[in-house]
Protein chains: 2
Amino acid sequence: MRADAKRNYDNLLAVARDVALEQGADASLRDIARRADVGLGTLYRHFPTREALFDALLRESFDTLKAQAEALASVEAPDKALVSWLRVLVACANDYRGIITLMVAAIEDPSSALHASCGTMKASGARLLARAQAEGVARTDIDGADLFALVGALAWLGDQPALAKRADHLFDVIFSSILKS
Amino acid sequence: MRADAKRNYDNLLAVARDVALEQGADASLRDIARRADVGLGTLYRHFPTREALFDALLRESFDTLKAQAEALASVEAPDKALVSWLRVLVACANDYRGIITLMVAAIEDPSSALHASCGTMKASGARLLARAQAEGVARTDIDGADLFALVGALAWLGDQPALAKRADHLFDVIFSSILKS
DNA sequence: ACCTGAACACCGTTCAAGT
DNA sequence: ACCTGAACACCGTTCAAGT
């Protein structure tokens with residue numbers, strides 16, 4: 001990548017982070033380009049879709065979550081491992097209001113730039129769930145897809161100003177019933 | 001209301017229903033006016049906000065739900081009454097994809113045209129929940145606001161194409177843990 | 001009273017023209 | 001290679017002008 005292109009890319013990402021943190025996942029791309037002092041086409045060149053932009057914004061979080069899932073799978077008690085990992089996942093989704101909707105849509109859309117990352121998250125969760133189930137500490141009538149859906153629902157709660165304050169409590173309500181330890 | 005105005009109102013509502021059933025709660029108002037062969041200002045005259053339009057579209061459902069809640073409160077077993085009423089509420093919300101987001105926002109916004117209706121729904125649910133709790137068949141660590149939030153989360157699941165098929169199952173998972181019958 | 005549609009200030013997305 | 005911004009086809013919302 002040419003030096004000026006690299007500079008634009010980094011600047012764009014930094015500005016997008018600021019804007020998206022305050023305006024959420026459907027922030028105006030035009031506004032981002034404007035604040036980054038860059039032509040709109042430059043934004044589209046670096047991030048052909050909104051999903052590509054958010055995948056870049058969440059890159060670190062996704063990588064960390066994947067590593068954490070692997071680490072937790074061997075050390076912690078299976079129920080604690082699952083719940084604490086899910087808590088982090090939901091928190092990451094809540095960083096960008098509305099991103100969870102893009103993420104769930106990405107699951108069934110292989111052409112989405114978020115598809116791979118979301119597949120990884122889903123698989124990591126499914127593994128932690130399977131271990132908890134195998135050890136008899138999680139109910140067995142849900143699977144990895146159900147778990148991802150529940151994460152989506154809880155992240156959505158955290159995105160709604162009117163409901164956000166209940167999100168943590170409802171997380172406990174729901175997972176206390178899924179785990180039977 | 002003048003005869004021509006009444007005709008416009010009814011027509012607008014009918015067209016809006018069709019469009020919203022297929023496009024969801026953020027259907028284009030311009031498109032609705034266009035399909036109703038009416039000026040955009042006429043739509044705004046009859047329905048000053050999107051919320052006002054959807055409150056009108058959901059009027060019957062809201063009234064029916066309120067009546068059902070009252071009827072169920074005296075005949076059915078408290079746990080069955082609660083769950084079956086909630087199922088209908090979620091189904092109504094799922095009629096218009098995305099309407100649940102407007103509804104939850106309306107709770108904390110007294111100026112929303114959906115505020116009253118949502119308050120009524122929340123109160124109806126809270127009453128059924130309180131009865132179930134009083135009779136010892138529902139866990140007591142959630143309140144009416146939590147219940148409404150759970151309904152929102154489940155309705156949101158039903159709105160997501162990638163998750164909708166799991167919504168019914170997760171409804172059961174969640175409420176089987178809230179009711180202890 | 002009621003209706004119309006132009007006007008305004010925004011979007012997302014594309015692409016010819018520039019360096 | 002990369003960048004720019006005008007162009008296009010849309011929005012929601014308001015409001016002067018018409019009947």
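Throughout, protein chains are lettered first and strands after them, A, B, ... in sequence-line order, and every chain is numbered starting at 1. Hydrogens, waters and symmetry mates are skipped; everything else that's a heavy atom, side chains included, is used.
- The stretch residues 56-74 of chain A participates, sequence neighbours left out, in these salt bridge (Lys or Arg N to Asp or Glu O under 4.0 Å) pairs: A:D55-A:R59, A:R59-A:D63.
- Residues forming a salt bridge (charged side-chain N to carboxylate O under 4.0 Å, His left out) with B:R35 (at least two apart in sequence, or on another chain): B:E22, B:D31.
- Contact check for B:L150 versus B:I178: side-chain heavy atoms found under the 4.5 Å cut-off.
- Sorted by residue number, the members of residues 37-59 of chain B with any non-hydrogen atom under 4.0 Å from DNA chain D read B:L40, B:G41, B:Y44, B:R50.
- Listed by chain and residue number, B:K165 satisfy the side-chain hydrogen bond (donor to acceptor under 3.5 Å, both in side chains) test with A:E108 (two or more places apart in sequence, or in another chain).
- Applying the salt bridge (charged side-chain N to carboxylate O under 4.0 Å, His left out) criterion to A:D4, with sequence neighbours excluded, gives A:R2.
- Evaluation of the salt bridge (Lys or Arg N to Asp or Glu O under 4.0 Å) test over residues 141-162 of chain B, restricted to residues two or more places apart or in two chains, returns A:R166-B:D143, A:R166-B:D146, B:R139-B:D141.
- Side-chain N or O atoms of B:W85 include none that pairs as donor or acceptor with a backbone N or O of B:G125 at under 3.5 Å.
- A:L114 and A:A106 make their closest contact through CB-CB, 3.7 Å (heavy atoms, listed as atom of the first residue, atom of the second, distance).
- In this structure A:E135 satisfies the salt bridge (charged side-chain N to carboxylate O under 4.0 Å, His left out) test with no other residue, sequence neighbours excluded.
- If you check residues 15-23 of chain A against DNA chain D, you find no residue with a heavy atom closer than 4.0 Å.
- In the region residues 100-115 of chain B, proximity to DNA chain D at under 4.0 angstrom, judged on heavy atoms, holds for none of the residues.
- Mapping heavy-atom proximity under 4.0 Å, the span of DNA chain C touched by chain B runs 5' to 3' from C:dA1 to C:dA7.
- As judged by a 4.0 angstrom heavy-atom cut-off over every strand, B:A27 is placed among residues touching the sugar-phosphate backbone only.
- Residues that satisfy the salt bridge (charged side-chain N to carboxylate O under 4.0 Å, His left out) test with B:D172, not counting sequence neighbours, are B:R87.
- Residue A:R34 is in sugar-phosphate contact alone, with no base atom involved, counting any heavy-atom pair closer than 4.0 Å across all strands shown.
- Ring pair B:W156/A:W156 is parallel by interplanar angle, where below 30° counts as parallel and above 60° as perpendicular.
- For the pair A:K6 and B:R2, both in contact range of DNA chain D, the more 5′-proximal nearest nucleotide belongs to A:K6.
- Although no hydrogens or angles enter the test, the distance criterion places no donor-acceptor pair under 3.5 Å between the side chain of B:R30 and the main chain of B:L40.
- The closest donor-acceptor contact from the side chain of B:R50 to the backbone of B:A27 lies under 3.5 Å.
- Applying the side-chain contact (heavy atoms from CB on, under 4.5 Å) test between B:N8 and each of B:T42, B:L13, B:D37 identifies B:T42 as the sole match.
- Within 6.0 Å of the CZ atom in B:R127, the count of heavy atoms belonging to other residues, nucleotides or ligands does not exceed 12.
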Once Watson-Crick and G-U wobble pairs under 3.5 Å are found, how is DNA chain D written in dot-bracket notation, 5' to 3', with | for any base paired to another strand? ||.|||||...|||||.||
